[in-house]
Enquirer: 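Below you will find the structure I want to go over with you.
By convention here, the first residue in the shown sequence is residue 1. Start at 1 and go down the list; that is how both ligands and their atoms are numbered.
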Amino acid sequence: MSTVIKGGTIVTADLTYTADVKIEGGRIVEIGPNLSANETLDASGCFVMPGGIDPHTHLEMPFMGTYSSDDFESGTRAALSGGTTMVVDFALPSPGQSLLEALTMWDNKSTRANCDYSFHMAITWWSEQVFNEMKAVVQDKGINTFKHFMAYKGALMVDDDEMYSSFRRCAELGALPLVHAENGDVVAQLQAKLMAEGNNGPEAHAYSRPPEVEGEATNRAIMIADMAGCPVYIVHTSCEQAHEAIRRARQKGIRAYGEPLIQHLTLDETEYFNKDWDHAARRVMSPPFRNKQHQDSLWAGLASGSLQVVATDHCAFTTDQKRFGVGDFTKIPNGTGGLEDRMPMLWTYGINTGRLTMNEFVAVTSTNIAKILNIYPKKGAILVGADADLVVWDPKRAKTITAKNQQSAIDYNVFEGKQVTGLPRFTLTRGVVAIEEDTIKTRQGHGEFIKRQPVTAVSKALSTWKEVTAPRKVERTGIPASGV
Ligand code: URP
Ligand code: ZN
Ligand code: ZN
Ligand code: ZN
């Protein structure tokens, strides 16, 4: 069985050209003019691009007293319908739990995935056991990223001591640490103060997490990573202060990466001032939405390359789940959806406005993260031998986003009412058509776990800081007796 995608314009992170793409056995076997095969997909008027990779999802995640409502089936169906062909989720050991045991739990949840996937392993506590298991996670399980939460005090948060230990281990293993960068101690104090003053509504969530807590933590994480000798990836970069820390570090040769979310790029803090409690609570996530200046900073980062990846942090809770926080904003489950809308929203607000080029669009939705995660060119590329994870993108197809027609299991959509122009005509996962315009053809269980090798070549950041070792010790001729 072979398929040819015919008559389209191929757009990759670095090239735009006209050619057909032939697929066999789930891979690209030929790229060129006038190709033929058993099955033909008409791509005329369309752009043929690498399928999106969303490196930040939380499917069926236990969090804040409940579970996020999209599982690996609905979540990956939503992903494919929006042109995303791979997701990377987070395996979260509860404090004290073995990393390998947590991974088995996530392996079991992911068996129904409709598209390929991988996991980041979270470090939520520290011990010799965790130190030892990190090696097995990298070398036996094919996971080369470890996530650290600097917020969520009393739950997932790790302190600087734990983070430095883990980062050093990452440097040894050729793994990349990921960081949720917010100062969790300051957030906890601001939350308590706001509640004590009677500010218990969803807007107080935003007041408790100002850009300063994110900027401080981002800078701290980068400095700690640099001293540990590893690169670092900052998830959900939402503000200028965090972007500034990343920019400054990159200028010094430090490999710091930043990941704005489509939500932060296109929705702002006024959502929390909506008079409707549900409206505001549905948009509670960490970090919160920011103002226009921060949004402009993120767009500038994507255009200039100081920020590299657009993700969703898809962590979807129903309205009923959000209502756990009526009377106490600190109990509103944190998280918003976006898997299905990331690519159409970024196309509409990035390409149709002239903020990004099509090649930049491919870079920030797919290729850059494939390189960072060390799965390029199996993923994120249109090359002979690459997986046929592709989207045939129709720049003229339009719709109004509404929860009524979405794949996600929740009862609302944070982008409700937004008009998007630019949607998939076809989405293919390893050569199999999963989406054909409005027809969903996804296959439960089709998704495979993608192993990722360690990245020894980039495991040393270019720090000017050098750990003091024996040769720099001053040899003295006379040492006085210690004083009394
Ligand atoms: O509010 C958010 N972002 N929820 C998901 C968990 C996380 O912090 O990424
Ligand atoms: Zn986070
Ligand atoms: Zn509303
Ligand atoms: Zn997250």
Side-chain angles (χ1 to χ4, degrees), residues 53-71 75 79 87-94 106 117-124 145-158 163 177-184 187-188 191 202 204-206 208-209 211 213-215 217-218 221 232-239 242 257-265 267 269 271-272 280-290 309-318 321-322 324-325 329-339 342 369 408 410 414:
I53 300 170
D54 190 336
H56 191 160
T57 68
H58 302 278
L59 302 174
E60 213 183 324
M61 175 176 80
F63 191 46
M64 297 186 71
T66 185
Y67 280 81
S68 59
S69 281
D70 276 315
D71 61 12
V87 300
V88 191
D89 210 84
F90 293 82
L92 286 185
S94 41
W106 260 261
Y117 61 93
S118 186
F119 297 122
H120 310 288
M121 173 57 68
I123 300 298
T124 54
T145 38
F146 291 92
K147 171 75 173 288
H148 308 75
F149 292 90
M150 297 170 82
Y152 305 126
K153 190 172 179 177
L156 301 169
M157 179 167 144
V158 285
M163 215 162 53
L178 274 49
V179 180
H180 171 134
E182 287 183 303
N183 185 317
V187 169
Q191 286 177 327
H205 173 78
S208 71
R209 311 181 99 98
V213 300
E214 188 182 344
T218 301
V232 65
Y233 181 100
I234 309 296
V235 302
H236 48 47
T237 307
S238 79
C239 64
Y257 304 108
E259 174 205 81
L261 306 181
I262 190 62
Q263 296 93 318
H264 289 117
L265 288 163
L267 301 173
E269 63 184 1
E271 302 283 353
Y272 301 117
R282 286 162 171 170
R283 285 148 181 88
V284 163
M285 66 166 303
S286 297
F289 301 155
R290 308 291 193 191
V309 176
V310 176
T312 63
D313 192 6
H314 187 96
C315 187
F317 296 102
T318 62
Q321 290 176 306
K322 291 285 186 179
F324 293 168
F329 73 89
T330 67
K331 298 201 163 52
I332 301 171
N334 284 202
T336 58
L339 255 175
R342 177 181 68 132
I369 192 64
S408 166
I410 64 170
V414 296

Enquirer: Got a sec, which residues hit side chain to side chain contact (heavy atoms under 4.5 Å, CB included) with Ala311, two or more places apart in sequence or on another chain?
Expert: Asp54, Pro55, His56, Glu259, Leu261
Enquirer: With a cut-off of 2.8 Å, does His56 place any N/O/S atom under that distance from the Zn ion (ligand 4)?
Expert: yes
Enquirer: Listing by chain and number, what protein N/O/S atoms are under 2.8 Å from the Zn ion (ligand 2)?
Expert: His180 ND1, His236 NE2
Enquirer: Under 4.0 Å from a heavy atom of His236: give me the atoms of ligand 1 that qualify, with their elements.
Expert: 8 (O), 9 (O)
Enquirer: Nearest 0.5 Å please: distance from the CG atom of Asn334 over to the CZ atom of Arg209.
Expert: 5.5 Å
Enquirer: Please report which non-hydrogen protein atom sits nearest to atom 4 (N) of ligand 1, along with the residue it belongs to and the distance in Å to one decimal place.
Expert: Asn334 O, 3.0 Å
Enquirer: Restricting to N, O or S, what is the name of the atom of His58 that lies nearest the Zn ion (ligand 4)?
Expert: NE2
Enquirer: Of all the atoms in ligand 1, which lie at a distance below 4.0 Å from a heavy atom belonging to Cys315?
Expert: 5 (C)
Enquirer: What is the distance from atom CE of Met121 to atom OG1 of Thr145, rounded to the nearest 0.5 Å?
Expert: 9.5 Å
Enquirer: Looking only at protein heavy atoms, which one is nearest to atom 3 (N) of ligand 1, and how far off is it?
Expert: Asp313 OD2, 2.6 Å
Enquirer: In Å, rounded to the nearest 0.5 Å, how long is the span from OG of Ser68 to CD of Gln321?
Expert: 8.0 Å
Enquirer: Nearest protein heavy atom to atom 7 (C) of ligand 1, by residue and atom, and its distance?
Expert: Tyr152 OH, 3.5 Å
Enquirer: Which residues satisfy the salt bridge (Lys or Arg N to Asp or Glu O under 4.0 Å) test with Glu271, sequence neighbours excluded?
Expert: Arg283
Enquirer: For atom 9 (O) of ligand 1, which of the options His314, Met285, His58 provides the nearest non-hydrogen atom?
Expert: His58
Enquirer: Testing the 3.5 Å rule here: is there a donor-acceptor pair between the side chains of Thr330 and Gln191?
Expert: no
Enquirer: Drop me the distance from Arg342's CZ to Ile53's CD1, to the nearest 0.5 angstrom.
Expert: 8.5 Å
Enquirer: Can you confirm whether Phe63 sits close enough to Leu156 that some side-chain heavy atom of one is under 4.5 Å from a side-chain heavy atom of the other?
Expert: yes
Enquirer: For atom 1 (O) of ligand 1, what's the nearest protein heavy-atom neighbour? Residue, atom name and distance, please.
Expert: Ser286 N, 2.8 Å
Enquirer: Using ring pair (Phe, Tyr, Trp, His ring centres under 6.0 Å) as the criterion, point out the one residue from Phe90, Tyr233, Phe149 that pairs with His180.
Expert: Phe149
Enquirer: Does any N or O of ligand 1 fall below 3.5 Å from an N or O anywhere on Lys147, backbone included?
Expert: no
Enquirer: Which pair of non-hydrogen atoms, one from His236 and one from Pro287, has the smallest distance, and what is that distance?
Expert: ND1-CD, 3.2 Å
Enquirer: Apply ring pair (Phe, Tyr, Trp, His ring centres under 6.0 Å) to Phe329 and list each qualifying residue two or more places apart in sequence or on a separate chain.
Expert: none
